[in-house]
Number of protein chains: 2
Amino acid sequence: MDKSNAIEALHALAQDTRLDVFRLLVKQGAEGMAAGDIAEALGVRQNTMSANLSVLAKAGMVRSEREGRVIRYFANFDGMRSLLAFLMEDCCGGNPELCKPVLDEIVCAC
Amino acid sequence: MDKSNAIEALHALAQDTRLDVFRLLVKQGAEGMAAGDIAEALGVRQNTMSANLSVLAKAGMVRSEREGRVIRYFANFDGMRSLLAFLMEDCCGGNPELCKPVLDEIVCAC
DNA sequence: CCAATATATCAATATTTCTTGAAATATGGA
DNA sequence: TCCATATTTCAAGAAATATTGATATATTGG
């Protein structure tokens, strides 16, 4: 991940509808969700949603698979991982206590 | 952290200069850096940098402390932690394997 | 092949955002 | 108090972005 990738990813997430989409797809996990269902679930018009999904996909935060007429979208956990790694790069310059808690918070109760 | 906080934080980071600032301050750690030094280090005019620092601070991604005439800025690791927690909320809906690797990548070699 | 369904693309408008020059505020020292 | 330094605030112009109606593309079933 380089800087322009990171900006693209952050920008993709920094918008109301797209943030909703990403978090919805995070919750959906491996099941993902069809484009049309996402639009309906979030009360957004179909072409607006398509444009937003395209921004998220180009930024690497979601990915898609065609299933016949339906295109199913998934959160891209690899993309999120790369983004976080980039943001926290060199965070340990002599003081691990600062960055460690950033990660602890996210350890989900799986 | 609620949705509008998250959008504000993501938006703050999704810009060239501000992303540079945040990563610079992550590297600086507890030492932080004076506003003027940040501007000089990144080759940005002083009032432009001030505006950008203000965006980052309002979004909770950096914090500042006055030291006489100088205002010293620091990455706000708590803010980053809250943001990540919000983004990955409910990520474990039945499939921990998906979200676990997101965190592993970031475990820094402290 | 044709019609229906699902999704994407295009062009235009309204909104938001970034940068900058100028001016203001705050602090410390003479 | 007065000046120099460090930083912030303000207003305006230029650039980027989101949404929308209309249209195009892709896939399936009859």
Side-chain angles (χ1 to χ4, degrees), chain A residues 3-25 28 31-76, chain B residues 3-25 28 31-76:
Chain A
K3 193 166 81 168
S4 73
N5 295 148
I7 289 176
E8 190 174 6
L10 290 162
H11 171 258
L13 293 173
Q15 197 260 356
D16 203 81
T17 300
R18 291 194 298 260
L19 183 54
D20 283 344
V21 169
F22 181 77
R23 300 214 313 145
L24 176 58
L25 290 177
Q28 289 295 112
E31 190 183 342
M33 202 171 194
D37 292 344
I38 297 172
E40 188 179 12
L42 299 179
V44 173
R45 288 175 195 244
Q46 179 267 326
N47 60 350
T48 299
M49 181 56 74
S50 177
N52 281 321
L53 285 170
S54 154
V55 171
L56 282 166
K58 182 158 181 304
M61 301 312 292
V62 305
R63 61 190 173 76
S64 62
E65 284 173 19
R66 178 177 281 276
E67 286 177 4
R69 283 192 278 217
V70 170
I71 298 185
R72 184 170 293 272
Y73 281 85
F74 305 86
N76 185 354
Chain B
K3 193 166 78 168
S4 73
N5 295 149
I7 289 175
E8 191 174 7
L10 290 162
H11 171 259
L13 294 173
Q15 197 260 354
D16 203 82
T17 300
R18 290 193 299 259
L19 183 54
D20 283 344
V21 169
F22 182 76
R23 299 213 316 145
L24 175 60
L25 291 177
Q28 288 295 111
E31 190 183 342
M33 201 170 197
D37 292 344
I38 297 172
E40 187 180 13
L42 299 179
V44 173
R45 286 176 196 241
Q46 184 259 337
N47 62 347
T48 299
M49 181 55 75
S50 177
N52 281 321
L53 285 169
S54 155
V55 170
L56 282 165
K58 184 159 179 302
M61 300 313 292
V62 306
R63 62 191 172 75
S64 62
E65 284 174 18
R66 178 178 281 277
E67 286 179 3
R69 283 192 277 215
V70 169
I71 298 186
R72 183 170 293 272
Y73 280 86
F74 306 86
N76 185 353

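First the proteins, then the strands, lettered A, B, ... as listed; each starts at 1. No experiment lies behind these values; they were computed from the predicted model shown. Reckoned from all heavy atoms, side chains included, excluding hydrogens, waters and symmetry mates.
Along DNA chain D, the nucleotide nearest to B:G36 and the one nearest to A:V55 differ in position, and the one closer to the 5' end is contacted by B:G36.
Scanning residues 66-75 of chain B for heavy-atom distances under 4.0 Å to DNA chain C yields B:R66, B:G68, B:R69.
B:R18 is listed as a side-chain neighbour of B:H11, based on a closest heavy-atom distance under 4.5 Å. With contacts defined as side-chain heavy-atom distances shorter than 4.5 Å, the pair A:L53/A:I38 qualifies. No side-chain heavy atom of A:L25 sits less than 4.5 Å from a side-chain heavy atom of A:M61. Under the 4.5 Å side-chain criterion, counting only non-hydrogen atoms from C-beta, A:V21 is in contact with A:M49.
Minimum interatomic distance between A:A75 and A:F22 (heavy atoms only, all atoms of both residues): CB-CE1, 4.2 Å. Here the shortest heavy-atom pairing between B:R72 and B:E31 reads NH1-O, 3.0 Å. Of all non-hydrogen atoms in B:A41 and B:L24, the two that sit nearest each other are CB-CD2, 4.3 Å.
As rounded to whole Å, 5 Å separates atom P of D:dT20 from atom CZ of A:R45. At whole-Å resolution of the value, CG in B:N47 and C1' in D:dC10 are 11 Å apart. Protein atom NZ of B:K58 is 16 Å distant from nucleotide atom C1' of D:dT8, rounded to whole Å. Between A:L42 atom CG and D:dA18 atom P there is a gap of 16 Å when expressed in whole angstrom units. In this structure, CD of B:Q46 is placed 8 Å from C1' of D:dT8, rounded to the nearest angstrom.
Across its full length, the helix from C:dC1-D:dG30 to C:dA30-D:dT1 shows an angle of 30° between the axes of its 5 terminal pairs at either end, rounded to 10 degrees.
Interatomic distance, A:L10 CG to A:N5 CG, rounded to the nearest 0.5 Å: 10.5 Å. The OG1 atom of B:T17 sits 8.5 Å away from atom CD1 of A:I7, with the distance rounded to the nearest 0.5 Å. To the nearest 0.5 angstrom, A:S64 atom OG is 11.5 Å from A:L56 atom CG.
Backbone-only contact: A:N52 has heavy atoms under 4.0 Å from sugar-phosphate atoms and none from a base. At the heavy-atom level, B:Q15 lies under 4.0 Å from the strands shown only through sugar-phosphate atoms.
Put simply, A:T48 has no side-chain N or O that comes within less than 4.0 Å of OP1 or OP2 on D:dT19.
Under a 3.5 Å cut-off, the side chain of A:N76 and the backbone N or O of A:G60 do form a donor-acceptor pair.
If you walk DNA chain C from 5' to 3' and mark each nucleotide with an atom closer than 4.0 Å to a heavy atom of chain A, the marks span C:dA4 to C:dT9.
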